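Comments concern the structure below.
All values below were derived from every heavy atom in this structure, side-chain atoms included, with hydrogens, water molecules and symmetry-related copies excluded. Fair warning: this is a prediction, and the values are worked out from it, not measured in the lab. Throughout, a chain's letter reflects where its sequence line sits, starting with A, and its residues are numbered from 1.
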There are 2 protein chains.
Amino acid sequence: MQRLDTLAGMLKSDDFLTVKDLAISLGTSTRTIFRDINILRDRGLPIDADKGRGGGVKLHRSWGLGRLSLTDQETIDLLISLAISEKMNSPLFMDNLKPIRYKLMALLSPDQKSNVENLRGRILIGSSASPIVLSSYELSPRQQASELSAAFLCQRQLSICYSDESNKITKRTIEPHYLYLNYPVWYILAWDHLRTGFRTFRCDRILKPMVMEKSFKVRPFEDFTHMIKTDNPILP
Amino acid sequence: MQRLDTLAGMLKSDDFLTVKDLAISLGTSTRTIFRDINILRDRGLPIDADKGRGGGVKLHRSWGLGRLSLTDQETIDLLISLAISEKMNSPLFMDNLKPIRYKLMALLSPDQKSNVENLRGRILIGSSASPIVLSSYELSPRQQASELSAAFLCQRQLSICYSDESNKITKRTIEPHYLYLNYPVWYILAWDHLRTGFRTFRCDRILKPMVMEKSFKVRPFEDFTHMIKTDNPILP
DNA sequence: TCAAATATGACATAAAGTGTCAGTTGTGTC
DNA sequence: GACACAACTGACACTTTATGTCATATTTGA
């Protein structure tokens with residue numbers, strides 16, 4: 001079964017390879033190679049074959065036929081990235097993003113699916129950031145974004161240290177309900193357990209994010225609308 | 001072999017299932033289920049098991065362990081989307097995008113890789129579009145974006161009909177060298193074979209894109225710099 | 001015409017998967 | 001502590017599948 005993958009890989013090289021050569025380099029018989037090729041064709045791989053002298057077999061120029069397996073964090077980031085792209089990429093390049101998302105979701109368990117289904121609804125795209133914000137924008141944030149994204153997607157509480165505009169650092173526990181982009185600055189619209197109220201946090205000012213065990217239920221967007229003024233960028 | 005996938009899917013449900021139940025619903029013996037579970041464990045799936053009364057088997061909560069296989073066009077769009085995300089998403093959510101890109105590229109043949117390697121360098125992000133441009137922006141473009149993206153990624157010539165600002169439609173053959181975003185409007189920086197010169201095309205004004213056989217070599221960015229003024233959005 | 005190549009069918013054999021059975025270990029309940 | 005339940009493991013026969021050999025057809029280029 002491993003051999004099928006190897007074979008598919010070999011066929012991807014541009015030259016025409018003869019079945020005989022393939023059989024030798026895979027240590028098997030030509031008959032088996034022919035059978036394997038049929039299996040690959042059944043799977044939908046477009047394999048060209050030329051008969052006669054100088055002929056051979058070749059996988060028609062194509063791209064995404066391999067199998068991709070991802071880690072947890074990669075899947076989370078990919079899903080969020082796709083959601084952002086679908087929100088942002090101004091319909092142009094999202095034609096085929098939807099099927100990818102469906103394929104990804106087919107691999108998830110039912111409760112994971114429900115997390116992802118409302119994902120796009122939790123990502124908000126605003127206008128571009130103002131020069132004032134940009135001037136204080138930390139270009140290379142040292143925080144681990146993976147903690148942020150995991151807590152956001154999995155709807156888990158997040159423990160952070162936050163440095164406000166006067167560089168005063170406070171430790172907080174927040175529920176990251178919505179992500180809000182004033183390009184290129186990301187904000188988290190959250191429930192703040194310390195202040196017991198809705199607060200906005202600029203992601204590049206978050207210092208030591210840590211996903212907590214406790215989860216939360218996403219609040220309706222209406223609870224946060226008053227925090228977003230489309231004319232002015234948000235200054236937390 | 002199909003059974004392994006089904007089994008992995010069943011284990012993803014949150015309840016603890018007994019091996020006996022799994023054997024019945026999969027129409028096989030418990031011994032086989034145990035063997036299958038070992039195979040899945042060898043593949044790295046974290047499977048919890050509780051002995052004793054009320055015990056059972058369960059796949060530990062995790063995300064990205066399935067195998068994803070994509071079509072050509074999906075792979076192309078995903079790669080482009082990732083490249084855009086890495087360019088745009090303002091370092092926050094790109095931590096794990098790079099490994100995904102590497103995994104995707106591992107599935108590609110050598111010549112396909114070289115196409116992808118310089119992909120990010122061919123995507124340019126500018127400022128936001130001006131109100132003037134936005135007013136004439138076609139929100140639901142009817143063109144097939146997949147043709148555009150395929151031609152761009154595979155470095156193939158593109159036959160298009162272009163409707164300019166006075167709605168005059170001309171048929172052209174272009175080489176799509178660079179993509180340029182004035183959010184939310186995408187432009188293609190191209191060599192125009194009809195006018196034999198560098199031209200900029202607004203993507204939403206492209207009508208019948210068609211990938212041609214003939215390929216081209218990407219020209220250095222310097223050839224196009226004079227077409228981009230960061231202060232003014234481009235009006236082709 | 002010939003040789004090289006894909007392609008398919010038939011059949012014996014080799015390999016892998018499966019089921020039955022027996023047994024071990026751990027866990028909760030009575 | 002006894003018992004039932006349930007995850008595990010090993011051994012062996014059996015069944016299914018995969019593989020190799022051989023034969024044959026078909027296309028193609030020199």
message: For dG19(C) and T32(B) - does any side-chain N or O of the residue sit under 4.0 Å from the phosphate oxygens OP1/OP2?
response: yes
Report all interatomic pairs (protein N or O, nucleotide N or O of nucleotides 21-29 of chain C) with separations under 3.5 Å.
from, atom 1, to, atom 2, distance (Å)
dG26(C), N2, G52(B), N, 2.9

query: What residues, two or more places apart in sequence or in another chain, satisfy ring-ring contact (aromatic ring centres under 6.0 Å, His included) together with Y178(A)?
result: F221(A), F224(A)
statement: For K51(A), the side-chain hydrogen bond (donor to acceptor under 3.5 Å, both in side chains) test, sequence neighbours excluded, returns none
- request: Could you pull out all residues at least two apart from I39(A) that satisfy side chain to side chain contact (heavy atoms under 4.5 Å, CB included)?
  value: L4(A), D36(A), R43(A)
R195(B): side-chain hydrogen bond (donor to acceptor under 3.5 Å, both in side chains) partners, not counting sequence neighbours: none
message: Rounded to whole Å, how long is the line connecting atom NZ of K20(A) with atom C1' of dT21(D)?
response: 15 Å
message: So, does T28(A) get its side chain near the phosphate of dG20(D), meaning an N or O under 4.0 Å from OP1 or OP2?
response: yes
field: Student check: side-chain heavy atoms of R199(A) and Y162(A) closer than 4.5 Å
entry: no
- prompt: How close or far is atom P of dT17(D) from atom CD of Q2(B), stated in whole angstroms?
  reply: 14 Å
message: Under the rule for side-chain hydrogen bond (donor to acceptor under 3.5 Å, both in side chains), what residues qualify as partners of S215(A), not counting sequence neighbours?
response: none
- prompt: Of all the nucleotides listed (dT6(C), dT18(C), dA7(D)), which has the minimum atom distance to the side chain of V57(B)?
  reply: dA7(D)
task: On DNA chain D, check which nucleotide each of L17(B) and T30(A) is closest to and give me the residue with the more 5' one.
output: L17(B)
Under 3.5 Å, sequence neighbours excluded: what are the donor-acceptor pairs made by side chains of residues 18-25 of chain B?
from, atom 1, to, atom 2, distance (Å)
T18(B), OG1, D21(B), N, 3.1
T18(B), OG1, D21(B), OD2, 3.1
S25(B), OG, D21(B), O, 3.2
S25(B), OG, L22(B), O, 3.3

message: Distance check needed: dT17(D) C1' versus L4(A) CG, whole Å only.
response: 14 Å
- request: Could you identify which residues of residues 33-42 of chain A place a heavy atom less than 4.0 Å from some atom of DNA chain C, listed by residue number, or say none?
  value: F34(A), N38(A), R41(A)
message: Just to verify, what does D50(B) make a side chain to side chain contact (heavy atoms under 4.5 Å, CB included) with, not counting sequence neighbours?
response: F16(B)
- line: With the side chain defined as heavy atoms from C-beta on, R3(A) is closest, among dT19(D), dA7(D), dT6(C), to dT19(D)
- request: Could you state the atom-to-atom distance from CG of D48(A) to P of dA5(C) in whole Å?
  value: 17 Å
- prompt: If an axis is fit to five pairs at each end of the helix from dT1(C)-dA30(D) to dC30(C)-dG1(D), what is the angle between the two, to the nearest 10°?
  reply: 30°
- request: Assess whether side chain to side chain donor-acceptor pair (under 3.5 Å) is satisfied between Q155(B) and H177(B), documenting all intermediate values.
  value: CA-CA 8 Å; Q155(B) 300 173 25; H177(B) 289 264; over 6 Å; no
- line: Contacts of R122(A) meeting salt bridge (charged side-chain N to carboxylate O under 4.0 Å, His left out) (sequence neighbours excluded), chain-then-number -> none
query: Can you name the residues that form a side-chain hydrogen bond (donor to acceptor under 3.5 Å, both in side chains) with T30(A), not counting sequence neighbours?
result: none
